[in-house]
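Please read the structure below before turning to the comments.
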Amino acid sequence: ASTARAGYAQSSAPLLLKAIDCYRAAAEALARDKDGYEWATAERLLGSELLALSERGDDKTALAAALVALQTAAQALPRETAPRDWAAVQHRLGIAFLRLHEESASVEPLKQALTAFQAALHVFTRAEHPQRWADIINSVGQSGQLLGQILASPEIIERAVAACRQALEIRRKDTHP
């Protein structure tokens, strides 16, 4: 994980690639049926690093690989026993689907992003995790705005604006610049 954090901090593709190789090796070394949680965690972290790489624009196949890893992790992490990990995967999946929409201009990834974000909000509630909640609800607003524009739906756009306003109640300039 320290290589991954260094890769984020320095926006270094070589460090991200090294982290990706490490998480891929960890997932391959673990047995899904025997080491379920650890294996799913390796897949989740692999998906997150691949998503970071795709956001840099260095690797056109990274987004598809990130989606596969994150979807695999989402299926393997039980919400009942690892709710925060499960919700974190849902949030990252939402971000990945939003990126897929940006690349494809298709409506379906936006719908999938909204579904994933809404799932994450069941765990990351405003009362218990205000900062995480604000990040996710802001993503709901961004995705909803795009979907509302594509579908020419003032109702969806109004809900998106309301979501962004809710996020701003937590992400205030005076407390979280």
Side-chain angles (χ1 to χ4, degrees), residues 1-9 13-104 106-140 142-144 147:
S2 62
T3 301
R5 281 191 296 277
Y8 277 97
L15 288 176
L16 282 172
L17 292 170
K18 184 175 180 181
I20 288 166
D21 289 343
C22 290
Y23 290 132
R24 190 170 279 136
E28 290 171 3
L30 296 166
R32 182 177 184 166
D33 56 341
K34 183 179 168 194
D35 308 302
Y37 178 79
E38 291 82 7
W39 178 84
T41 298
E43 285 290 327
R44 174 177 61 89
L45 294 170
L46 172 62
S48 292
E49 298 309 314
L50 286 163
L51 183 56
L53 185 64
S54 76
E55 289 170 349
R56 289 178 44 90
D58 294 340
D59 184 339
K60 298 300 180 196
T61 63
L63 180 58
L67 279 163
V68 169
L70 291 168
Q71 288 172 320
T72 300
Q75 292 170 354
L77 281 169
R79 178 180 173 187
E80 299 76 27
T81 58
R84 281 185 271 163
D85 291 332
W86 177 85
V89 170
Q90 296 301 317
H91 185 203
R92 298 303 286 168
L93 261 174
I95 293 167
F97 281 125
L98 185 55
R99 290 263 308 127
L100 182 61
H101 161 74
E102 291 169 1
E103 290 187 5
S104 69
S106 172
V107 171
E108 192 58 33
L110 280 177
K111 292 178 180 179
Q112 291 171 302
L114 284 165
T115 298
F117 293 139
Q118 292 295 340
L121 288 171
H122 288 289
V123 174
F124 292 125
T125 64
R126 182 177 182 155
E128 293 181 22
H129 306 278
Q131 289 303 314
R132 274 312 265 283
W133 177 86
D135 290 343
I136 298 166
I137 203 75
N138 188 61
S139 296
V140 168
Q142 291 173 340
S143 301
L147 184 62

* Quick one: do L121 and V140 satisfy side-chain contact (heavy atoms from CB on, under 4.5 Å)? Show the steps, please. => CA-CA 10 Å; L121 288 171; V140 168; 4.0 Å; yes
* To do: Quick one: do H129 and R84 satisfy side-chain contact (heavy atoms from CB on, under 4.5 Å)? Show the steps, please.
  => CA-CA 10 Å; H129 306 278; R84 281 185 271 163; 3.7 Å; yes
* To do: Show your reasoning for whether side-chain contact (heavy atoms from CB on, under 4.5 Å) applies to T81 and W86.
  => CA-CA 9 Å; T81 58; W86 177 85; over 6 Å; no
* Could you walk me through whether H122 and Q90 pass side-chain contact (heavy atoms from CB on, under 4.5 Å), step by step? => CA-CA 10 Å; H122 288 289; Q90 296 301 317; over 6 Å; no
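Residues S104 and P109 come closest through the heavy atom pair OG-CG, 4.0 Å. Residue V123 comes nearest to P83 through the heavy atom pair CG1-O, 3.6 Å, listed as atom of the first residue, atom of the second, then distance. Closest of all the heavy-atom pairs between A96 and L70 is CB-CD1, 4.2 Å. When all heavy atoms of W133 and F124 are compared, the closest pair comes out as CD1-O, 3.2 Å. Nearest heavy-atom pair across A120 and H91 is CB-N, 4.0 Å. In terms of heavy atoms, F117 sits closest to S143 at CE1-OG, 3.3 Å.
Side-chain N or O atoms of N138 include none that pairs as donor or acceptor with a backbone N or O of A134 at under 3.5 Å. Judged by distance alone, with hydrogens and angles left aside, the side-chain atoms of T125 form a donor-acceptor pair with the main-chain N or O of E128 at under 3.5 Å. Counting only distance, with no hydrogens or angles, the side chain of R99 and the backbone of S54 share a donor-acceptor pair below 3.5 Å.
Rounding to the nearest 0.5 angstrom, the gap separating the CG atom in L46 from the CG atom in L51 is 11.0 Å. Here the CZ atom belonging to R44 is positioned 12.0 Å from the CG atom belonging to L93, to the nearest 0.5 angstrom. Atoms CD and CD1, on Q118 and I137 in that order, are 6.0 Å from each other to the nearest 0.5 Å. In this structure, the separation between CG on L50 and CD1 on I20 is 4.0 Å, given to the nearest 0.5 Å. Distance check: L114 CG to K111 NZ gives 10.0 Å after rounding to the nearest 0.5 Å. Separating the CG atom in L67 from the CZ atom in R92 is a distance of 11.5 Å, to the nearest 0.5 Å.
Between R24 and E28 there is no salt bridge, since no side-chain N of the basic residue sits under 4.0 Å from a carboxylate O of the acidic one.
When side chains are defined from C-beta on, L110 does not count as touching F97, because their heavy atoms never get closer than 4.5 Å.
Residue E55 forms a side chain to side chain contact (heavy atoms under 4.5 Å, CB included) with just one option from L63, L16, I95, and that option is I95.
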